[in-house]
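Encoded as structure tokens, the structure appears first; notes follow it.
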Amino acid sequence: MSTVKSDFLHELETRGFVHQTTDEAGLDRLARSGELTGYIGFDCTAPSLHVGNLVSIMMLRKLQQAGHRAIVLIGGGTTKVGDPSGKDEARKLLSDAEIGANIAGIERVFTKFLSFGQGDGDAAMVNNADWLDTLNYIDFLRDYGRHFSVNRMLTYDSVKLRLEREQPLSFIEFNYMVLQAYDFVELYRRYGCRLQMGGSDQWGNIVGGIELGRRTDGIELFGLTSPLLTTGSGAKMGKTAAGAVWLNPDMLSPYDYWQYWRNSEDGDVERFLKLFTELPLKEIAKLAKLKGAEMNEAKKILATEATALVHGRDAADRAAETARATFEEGAFTASLPTFDVPRLVLEKGIGVLSANVQVGFVASTGEARRQIKGGGLRVNDVTVTDEKQILTIADLTPEGVIKLSLGKKRHALIRPV
């Protein structure tokens with residue numbers, strides 16, 4: 001039974017966001033005072049965030065909804081180093097131009113979830129390159145590096161994982177936790193930020209920032225982590241056979257995003273409704289009691305509500321209607337995800353295996369071949385039996401497209417241009 005009294009922590013705990021807190025009672029008092037500022041950092045390793053980042057995004061949204069200030073820390077500086085947490089090997093180092101392009105894509109996601117501005121309750125977006133890029137390295141080591149024990153750093157999971165698996169850990173990556181700790185202190189100094197949140201794999205880094213703040217500024221800072229989510233079958237959240245489930249519509253269509261949630265396992269539906277929608281808990285409890293085929297209705301609600309948060313209510317409703325028309329009525333619809341192919345390419349022909357890779361149904365032609373053997377792939381609603389089948393202009397439907405299907409739930413169109 002939760003003992004917290006602040007609206008913020010109560011909401012997080014009842015919906016399953018909380019894994020660990022450094023001082024729950026102290027953080028609860030601070031939240032009740034109405035003067036809480038908190039942040040989460042996001043490195044810029046890709047041009048979009050993905051479903052695996054959603055828990056963190058939702059925590060910032062809950063912070064703002066409770067009347068507090070949320071800070072999105074964009075890791076323009078730390079991306080140049082690379083966070084070793086949860087990684088078997090070093091990330092590819094990106095150029096400044098690549099990082100800048102990724103930042104532009106990532107920033108668009110947050111405008112769907114947070115209200116930014118200059119008011120007391122408005123969120124702020126900050127780039128840690130603003131202070132990390134101008135650090136004097138020798139002075140930084142003298143003033144801040146001396147507060148970190150290498151002995152203790154070696155016990156952090158992000159370091160132990162690499163060492164235990166005998167994978168190289170570069171010196172620059174080893175410095176990441178020092179830079180993240182410094183970010184926390186810098187955000188306190190600039191914005192009065194007292195709370196850092198993140199996934200449970202960030203616990204060591206967060207504690208490092210709290211200790212640095214105590215040593216350098218004599219300030220009490222707080223940390224809160226969320227559980228690292230996996231699906232009921234143990235799969236990592238946000239990963240499918242076709243790749244990451246991106247949040248930006250130019251990398252994954254609203255329809256495919258809707259389908260990702262619609263395909264949730266029965267045992268995950270209640271948990272996902274609590275985390276990734278804003279439906280009242282009483283309504284979620286009713287949906288969780290559905291059994292058998294009725295559970296599909298709960299999955300559709302999950303898919304529509306989750307899609308509405310990322311892509312807007314109109315796009316979510318269109319995705320739901322497309323699914324209804326396609327699966328419940330068997331109707332052909334032009335609102336399915338569409339992939340443009342040069343007409344000359346289609347005149348020469350595209351292998352059916354390659355076509356299914358291009359639309360993202362499978363990750364490789366080998367996997368497409370296995371789907372054909374299992375009877376899972378169709379072209380224009382006809383089951384594919386020949387893995388050497390070539391798609392050409394002759395396969396166009398009266399609507400001027402070729403319809404590809406994987407199983408009963410995934411469909412896409414190829415259109416010559």
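We count residues from 1, following the sequence as given.
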Does a donor on one side chain sit under 3.5 Å from an acceptor on the other, for [X] and [Y]?
| X | Y | result |
| --- | --- | --- |
| H411 | S405 | yes |
| Q65 | E11 | no |
| Q202 | N205 | yes |

Ionic contact status for [Y] with [X], cut-off 4.0 Å:
| X | Y | result |
| --- | --- | --- |
| D133 | K80 | yes |
| E305 | R313 | yes |
| E278 | R61 | yes |
| E321 | R324 | yes |

Does [atom1] in [X] sit with more than 12 non-hydrogen atoms of other residues, nucleotides or ligands closer than 6.0 Å?
| X | atom1 | result |
| --- | --- | --- |
| D120 | CG | no |
| K112 | NZ | yes |
| D23 | CG | yes |

Of all the heavy-atom pairs spanning [X] and [Y], show the shortest one and how long it is.
| X | Y | answer |
| --- | --- | --- |
| P416 | R343 | CG-NH2, 3.7 Å |
| P227 | H19 | N-CB, 3.4 Å |
| V384 | I372 | O-CG2, 3.5 Å |
| R194 | L30 | CB-CD2, 3.7 Å |
| S115 | Q64 | O-NE2, 2.8 Å |
| M295 | A288 | CE-O, 4.2 Å |

The test is side-chain contact (heavy atoms from CB on, under 4.5 Å); show your working for D122 and F116 and say whether it passes. CA-CA 5 Å; D122 288 330; F116 292 92; 5.8 Å; no
Taking [X] for the side chain and [Y] for the main chain, is one N or O donor matched with an acceptor at less than 3.5 Å?
| X | Y | answer |
| --- | --- | --- |
| R15 | K274 | yes |
| T79 | C44 | yes |
| R415 | D340 | no |
| D395 | T392 | yes |
| D7 | A66 | no |
| K300 | R262 | no |
| S48 | N248 | yes |
| E98 | S95 | yes |
| R378 | L404 | no |
| D43 | G76 | no |

Starting from the C-alpha separation in whole Å, work towards a yes-or-no answer on side-chain contact (heavy atoms from CB on, under 4.5 Å) for L302 and T277. CA-CA 7 Å; L302 165 65; T277 81; 4.0 Å; yes
Should Y39 and Y191 be marked as a ring pair (Phe, Tyr, Trp, His ring centres under 6.0 Å) after you check the CA-CA gap, both sets of side-chain angles, and the distance that decides it? CA-CA 10 Å; Y39 90 96; Y191 302 97; 10.0 Å; no
With side chain to side chain contact (heavy atoms under 4.5 Å, CB included) as the test, pick out the partner of L273 among D268, L281, L287. L287
Please examine the side chains of [Y] and [X], heavy atoms only from C-beta on, and report whether any two atoms are closer than 4.5 Å.
| X | Y | answer |
| --- | --- | --- |
| Y257 | L252 | yes |
| N356 | Q371 | no |
| L275 | F17 | yes |
| R370 | V362 | no |
| I57 | L247 | yes |
| M197 | L60 | yes |
| I210 | T22 | yes |
| R108 | D250 | yes |

For F276 and W261, take the angle between the two ring planes, folded into 0 to 90°, and tell me which bin it lands in: parallel under 30, tilted 30 to 60, perpendicular over 60. tilted
Measure the spacing between [atom1] of [X] and [atom2] of [Y] and express it to the nearest 0.5 Å.
| X | Y | atom1 | atom2 | result |
| --- | --- | --- | --- | --- |
| L63 | M58 | CG | CE | 12.5 Å |
| E367 | T365 | CD | OG1 | 10.0 Å |
| Y188 | T37 | OH | OG1 | 11.5 Å |
| I74 | F42 | CD1 | CZ | 7.5 Å |
| R369 | L353 | CZ | CG | 5.5 Å |
| K403 | L413 | NZ | CG | 8.0 Å |

Test side-chain contact (heavy atoms from CB on, under 4.5 Å) on L224 and I206 and set out the steps. CA-CA 8 Å; L224 184 154; I206 292 173; over 6 Å; no
Applying side-chain contact (heavy atoms from CB on, under 4.5 Å) to D317 and W258, what does each step give before you reach the verdict? CA-CA 10 Å; D317 289 342; W258 190 95; over 6 Å; no
